[in-house]
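Worksheet: the structure to be examined is printed underneath.
Basis for what follows: all heavy atoms, side chains included, without hydrogens, waters or symmetry-related copies. Starting from 1, each residue takes its place in the sequence as its number. Computed from a predicted model, the values in this text were never measured in an experiment.
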Amino acid sequence: MSMLDVLKSLEEEHFDAKKGKISDGLEPLPEGTYNCVLKGVTHRAKNGRGFLMFSLEVVDGDYAGRNESIFPTLEQTTSKGNPMPDFVLARSIKTIKIIGAMVGLDVPNQCFLDDNVDVNYDNIEKAFDGYAGKMLKMTIKLSPNKKNPDQPYRNYEFSPAEQPKVAEVQEDPFAQANGAEFDESELPF
């Protein structure tokens with residue numbers, strides 16, 4: 001990408017230097033429905049707490065190549081030490097199971113049952129092995145965040161997407177069938 005292309009992309013993203021805010025250059029995806037590919041599911045840690053990250057990449061349209069990361073939590077306590085509300089855990093489990101279902105995986109309940117949340121995250125990551133590259137549709141809807149109006153809540157809905165066709169392997173026309181030998185005089189060249 002040339003420097004001119006980078007400048008044009010900043011203009012398209014409505015970058016405003018007068019606001020004084022430097023971001024990673026990518027604003028979040030706006031509300032809408034996107035055809036995505038599951039790039040991966042990873043268990044990571046930050047500030048001593050584990051987390052699970054689903055990485056999705058938009059594959060077509062104006063936002064092709066843009067990524068969306070989703071972080072469902074299975075932590076039993078909040079960062080302040082309070083009990084995690086049941087609705088948060090239920091929503092996270094639903095998110096994990098729905099993404100799994102959309103890419104053809106029935107996420108086993110066993111993935112959620114260890115007393116150690118990091119073991120659960122590892123189990124979920126392993127369950128999704130082999131599902132990277134699968135397609136799904138993601139719909140993003142925004143709702144107001146009273147505590148931080150500049151950061152609205154991102155609500156997701158998922159549905160299945162048609163998986164790309166895999167090219168069939170053609171038989172090698174020069175392969176020797178059943179160990180038969182070819183007479184070079186039978187070759188067309």
Side-chain angles (χ1 to χ4, degrees), residues 24 26-80 82-145 148 151-169:
D24 61 3
L26 297 177
E27 294 299 317
L29 288 169
E31 286 186 304
T33 299
Y34 304 94
N35 289 315
C36 297
V37 63
L38 178 64
K39 295 295 285 183
V41 178
T42 54
H43 171 208
R44 297 188 179 172
K46 183 177 181 179
N47 300 328
R49 291 178 68 102
F51 64 91
L52 192 65
M53 181 174 76
F54 284 82
S55 300
L56 303 166
E57 182 178 324
V58 177
V59 296
D60 57 14
D62 292 341
Y63 296 96
R66 294 275 299 273
N67 294 301
E68 182 77 10
S69 297
I70 301 171
F71 302 91
T73 184
L74 300 176
E75 293 287 340
Q76 297 295 306
T77 58
T78 67
S79 59
K80 295 180 181 178
N82 299 324
M84 186 66 71
D86 288 345
F87 79 89
V88 172
L89 296 172
R91 181 183 176 116
S92 292
I93 291 170
K94 287 178 186 178
T95 299
I96 295 164
K97 285 188 161 276
I98 289 170
I99 292 173
M102 296 306 117
V103 298
L105 170 65
D106 182 11
V107 180
N109 286 342
Q110 193 63 34
C111 288
F112 303 93
L113 300 179
D114 199 278
D115 290 335
N116 183 334
V117 71
D118 288 316
V119 171
N120 291 331
Y121 289 154
D122 285 339
N123 290 337
I124 293 164
E125 181 180 26
K126 287 176 190 165
F128 276 90
D129 278 351
Y131 288 87
K134 298 288 185 176
M135 300 286 298
L136 67 157
K137 288 186 187 232
M138 170 182 64
T139 300
I140 300 173
K141 294 181 181 176
L142 303 178
S143 61
N145 178 348
N148 188 353
Q151 297 292 322
Y153 293 115
R154 298 178 72 73
N155 302 294
Y156 300 96
E157 292 178 13
F158 300 95
S159 57
E162 186 174 331
Q163 298 302 316
K165 303 274 189 252
V166 177
E168 292 183 28
V169 178

Residues in ring pair (Phe, Tyr, Trp, His ring centres under 6.0 Å) contact with Tyr153, at least two apart in sequence or another chain: none

Step-by-step side chain to side chain contact (heavy atoms under 4.5 Å, CB included) determination, Leu74 to Ile124: CA-CA 11 Å; Leu74 300 176; Ile124 293 164; 3.6 Å; yes

Residue list, side-chain contact (heavy atoms from CB on, under 4.5 Å) with Tyr156, at least two apart or on another chain: Glu68, Ile70, Met138, Ile140, Arg154, Phe158

Taking only distance into account, with no hydrogens and no angle test, what donor-acceptor pairs under 3.5 Å do side-chain atoms of residues 89-96 form with protein atoms, sequence neighbours excluded?
| residue | atom | partner | partner atom | Å |
| --- | --- | --- | --- | --- |
| Arg91 | NH2 | Asn155 | OD1 | 3.0 |
| Ser92 | OG | Thr73 | N | 3.0 |
| Ser92 | OG | Thr73 | O | 2.9 |
| Ser92 | OG | Val88 | O | 3.1 |
| Thr95 | OG1 | Arg91 | O | 2.9 |

Over 12 foreign heavy atoms within 6.0 Å of CG, Asp60: yes

Side chains of residues 100-112: which donor-acceptor pairs under 3.5 Å do they make with residues two or more places apart or in other chains?
| residue | atom | partner | partner atom | Å |
| --- | --- | --- | --- | --- |
| Asn109 | OD1 | Lys97 | NZ | 2.9 |

Pairs satisfying salt bridge (charged side-chain N to carboxylate O under 4.0 Å, His left out), at least one member in residues 31-51, at least two apart: Lys39-Glu57, Arg49-Glu75

Any residue meeting salt bridge (charged side-chain N to carboxylate O under 4.0 Å, His left out) with Lys141, in chain and number order, not counting sequence neighbours: Glu157

Any donor-acceptor N/O pair, Asn145 side chain to Gln151 backbone, under 3.5 Å: yes

Thr139: side-chain hydrogen bond (donor to acceptor under 3.5 Å, both in side chains) partners, not counting sequence neighbours: Thr33

From Met84 atom CE to Thr78 atom OG1, the distance as rounded to the nearest 0.5 Å: 6.0 Å

Residue list, side-chain contact (heavy atoms from CB on, under 4.5 Å) with Asp62, at least two apart or on another chain: none

Partners passing side-chain contact (heavy atoms from CB on, under 4.5 Å) against Asn116 (at least two apart in sequence or in another chain): Asp114, Asp118, Val119

Name each donor-acceptor pair under 3.5 Å that joins a side chain in residues 127-135 to protein atoms two or more places apart or in another chain, with its distance.
none

Non-neighbouring partners of Pro30 that pass side-chain contact (heavy atoms from CB on, under 4.5 Å), sequence neighbours left out: Tyr34, Tyr63

Candidate pair Val37 and Leu56, rule side chain to side chain contact (heavy atoms under 4.5 Å, CB included), full reasoning: CA-CA 6 Å; Val37 63; Leu56 303 166; over 6 Å; no

Spatial distance of atom CG (Leu52) from atom OG1 (Thr42) [nearest 0.5 Å]: 7.0 Å

Those residues that, when tested against Glu125, pass salt bridge (charged side-chain N to carboxylate O under 4.0 Å, His left out) (two or more places apart): none

